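Read the structure below first, then the notes.
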Amino acid sequence: MDNILTHARVTADAALKAKAEHLAMMSRGLAHDLKNLITPVSSFLVHTDGRFPEESAEGEVHAAAKRSIKIMTDYVREALFFSERLAPRFERIEIETVFDAVRDATANHAERRGVALRVDAGGQEAIDADPVLLQRMFANLVNNAIDASQRGRIVALTTALSREGWVRVQVTDQGCGIPPENVKRIFEPYFTTKEFGDEVRGFGLGLSICERIVQLHHGFISVESKVGEGTTMSVDLPITQGV
C-alpha cells in the first residue's frame, strides 16, 4: 500500500511539474511580447506628461492610457514571476514577522475598501520558509479577500490547528463566496471571476502563483466557500523543510 501511495504521489507531482513548465513557457512568451509593445507607448506617455489640461479630452485620454499601461505592466510582472524557475531561499522565520509584513502591505487597500483587517499569528512557532515568497502569497490571498468583501466586513489572517510538524495559515473573509462550479477552477492560470473596475482587476494569475509558492514549500492549499457567506483559504506548510 505504501508503494502504491508513493507511486501515486510521484506521478501526481510529475504531472503538476509538466503542467507548470508548459504554462510557464506560455506566460513567458506573452510577457515578452507585451513588454516589447508597452515600452514605446510608456516612453511616449512619459515625454508627453503634463502637456494636456487634466479636464480636456486629450488629458482624459492621456490619463486613461497611463492607467492601462500600469495594468499591463502589472500583468507582465505577474506573468514573469509565474514563469520563473524559482528556488526558495529557506531560512528559519517567525510567522508573526511575516504576518506583520502582510498587514503593512495590505492595510491601505483594506482602508480604501472599508474592510477591517484582523491579523493573529497565535504564538505559532518558527518555520523553515522563504519570507519573500510567503509574504507575496499571503498578501495576495488577503487582497483577494478584501476585494471580495463589502464595506464594514472583516478579513482575518490567522493560524489554526494542524497535524504535528505542520502549520496551517488561513485567510477568511465574509464576502460574496465562490460558486461551486468555480471553486475547482480558481487555481487555473488566467481563470478569474473578478470584474474590471476602478480598483478590482484580475488577470487570473494570482492564485496560480500562490499555488506555485505552496508547492515550492512542499505544502498544500485548499479552499472552502459558501456563496453569500464567505471564503476560507487554508495553506498547510511543513515546519521543517529537511534541507
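Numbers here simply count residues along the sequence, with the first being 1. All figures in this text were calculated on a predicted structure; none of them were measured in a lab.
- Within a 6.0 Å radius of CZ in R92, more than 12 heavy atoms belonging to other residues, nucleotides or ligands are found.
- Between the side chain of H217 and the main chain of Q241, no donor-acceptor pair closer than 3.5 Å is present.
- Side-chain atoms of K66 and V46, non-hydrogen and from C-beta on, never get closer than 4.5 Å to each other.
- I127 has its side chain within reach of L134: a pair of non-hydrogen atoms, C-beta onward, lies under 4.5 Å apart.
- Remark: the backbone N or O of I38 is not paired with any side-chain donor or acceptor of S42 at under 3.5 angstrom.
- The pair R163-D236 fails the salt-bridge criterion, with no side-chain N (NZ, NE, NH1 or NH2) lying under 4.0 Å from an Asp/Glu carboxylate O.
- The closest side-chain heavy-atom distance from D128 to E91 is not below 4.5 Å.
- Counting heavy atoms from C-beta outward, L141 and C210 have side chains that approach closer than 4.5 Å.
- Within the 3.5 Å criterion, the main-chain N or O of A139 finds a donor-acceptor partner in the side chain of N143.
- Atom CD of residue E164 and atom CD1 of residue I239 lie 8.5 Å apart, to the nearest 0.5 angstrom.
- Linking ILVMFWY side-chain heavy atoms closer than 4.5 Å, directly or via other members, places L45 and F52 in two distinct hydrophobic clusters.
- Across Q174 and S149, no two heavy atoms sit closer than the pair N-OG, 4.4 Å.
- Within a 6.0 Å radius of CD in Q150, other residues, nucleotides and ligands contribute 12 heavy atoms or fewer.
- Formation of a donor-acceptor pair under 3.5 Å by the T159 side chain with backbone atoms of A121 is found in this model.
- Taking hydrophobic clusters as Ile, Leu, Val, Met, Phe, Trp and Tyr residues chained together by side-chain heavy-atom distances below 4.5 Å, V171 does not share a cluster with I154.
- Closest heavy-atom contact between F138 and V102: CB-CG2, 3.8 Å.
- When all heavy atoms are compared, the tightest approach of V227 to P180 is CG2-CD, 4.4 Å.
- When all heavy atoms of V142 and T106 are compared, the pair lying nearest together is CG1-OG1, 3.7 Å.
- Looking only at side-chain heavy atoms (C-beta outward), M233 and L207 come within less than 4.5 Å of each other.
- The side-chain heavy atoms of L117 and R103, taken from C-beta on, include a pair separated by under 4.5 Å.
- One distance of note links OG of S225 with CG of N182; it measures 9.5 Å at 0.5 Å rounding.
- Closest non-hydrogen pair, L216 versus P88, comes out as CB-CG, 3.7 Å.
- A 4.5 Å side-chain heavy-atom check between H109 and D147 finds at least one atom pair inside the cut-off.
- Checked by atom type, the side-chain pair T158/Q170 shows no donor-acceptor distance below 3.5 Å.
- Among all heavy-atom pairs drawn from F99 and V169, the shortest one is CZ-CG1, 3.6 Å.
- The shortest distance between side-chain heavy atoms of L133 and R89 does not fall below 4.5 Å.
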